[in-house]
Amino acid sequence: MQYIIGVDIGGTNIKLGLFNKKGNLQDKWEITTDISDQGKNIIPDIANTIKSYLTKNKLSIKHCLGIGVGVPGAVSDNLCIGCVNLGWDTLDINKELDKFFPGILIKAENDANCAALGEVYNLGKKYQNACLITIGTGVGGGIIYQDKILAGSNGASGEIGHFKVVFENGRKCGCGKYGCLETVASANGIVEEMKRIVKEGKVKTKFTLDEKFTTKDIFAKKNASDLAVVEVKKIFFHYLGIAVSYLTLVTNPEVVIIGGGVSKGLKNELSEINRYFQKYSFAPSEQTEIILAELLNDAGVFGAAQLIRYA
Ligand code: ZN
């Protein structure tokens with residue numbers, strides 16, 4: 001029996017999975033991400049947990065076809081080009097892991113791209129061209145083109161969170177620019193929009209600036225008829241619709257998959273997202289399906305294993 005190891009490095013935890021060579025998950029586990037000392041322990045920690053896992057299960061690295069790694073930063077040719085969350089500057093993932101597992105196949109990619117690959121894999125052979133939009137604290141994305149990750153010249157393709165969608169008085173984004181999709185359509189962006197609406201006081205609402213609220217509260221079923229919620233959703237769908245329409249114009253996918261923490265609250269809103277997408281899309285792209293992600297937090301580790309399957 002041969003296996004593949006998938007690794008998804010996050011700022012807080014590192015998820016690992018043992019997959020069979022068909023890409024089916026056999027087992028998974030997690031370790032904490034040690035970001036001290038510019039993240040210099042991260043790769044040794046990954047190597048050590050893999051080694052002890054394999055030993056415990058009477059396996060060795062010889063039973064593995066390779067190790068796929070998802071990294072929360074831009075990656076080009078297995079080279080991580082800076083990763084602020086982990087404290088990494090430029091890091092050659094292949095070279096670093098090879099010190100522990102000489103000769104084994106190692107492939108690294110951006111984590112959002114891995115998540116896109118994972119979600120598409122999970123849908124079977126149904127789609128060859130797909131885009132994933134992850135809406136969480138920020139907005140990320142990945143593009144799958146003819147079954148493969150479309151990473152671009154330096155790994156930065158699919159960064160849908162930084163599509164400029166607000167052209168006047170846009171809020172400052174984490175990237176340093178103004179009016180990015182992330183400033184209005186991420187979990188933080190949605191809360192900021194709600195605060196703005198409450199502050200303006202034009203609609204009657206039970207939300208106040210004195211009490212803290214989250215996107216989960218805004219999207220809660222019991223608040224669906226609140227006029228400020230109706231307004232904030234309208235703004236969210238409008239900007240998301242614009243961004244999805246741009247994305248489909250460039251990549252012409254069969255499906256757009258919406259994932260990330262915020263997507264859990266969007267089960268009953270898919271028709272609205274689609275309605276706004278139809279409003280802005282170009283006729284040949286109108287048939288693009290919009291669906292919600294299924295693997296969510298596990299998508300990255302699934303996709304990382306797929307890197308080895310298709311290497
Ligand atoms: Zn930005």
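Each ligand, and each atom within it, is numbered from 1 in the order the structure gives. Count residues from 1 along the sequence.
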- Task: State whether the side chain of Tyr121 and the backbone N or O of Gly23 hold a donor-acceptor pair below 3.5 Å, judged by distance alone.
- Result: yes
- Quick one: give me the number of protein N/O/S atoms under 2.8 Å from the Zn ion (ligand 1). 4
- Task: Ignoring hydrogens and angles, tell me if any N or O in the side chain of Lys204 forms a donor-acceptor pair with the backbone of Leu227 under 3.5 Å.
- Result: no
- Query: Can you check whether Gly260's main-chain N or O pairs, donor with acceptor, with Thr134's side chain at less than 3.5 Å?
  - Reply: no
- Verify whether one side chain among Asn223 and Lys206 offers a donor that lies under 3.5 Å from an acceptor in the other. yes
- Item | Side chain Thr215, main chain Ala187, donor-acceptor under 3.5 Å | yes
- What is the ring orientation for His238 with Tyr276, classed by angle as parallel under 30°, tilted 30 to 60°, or perpendicular over 60°? perpendicular
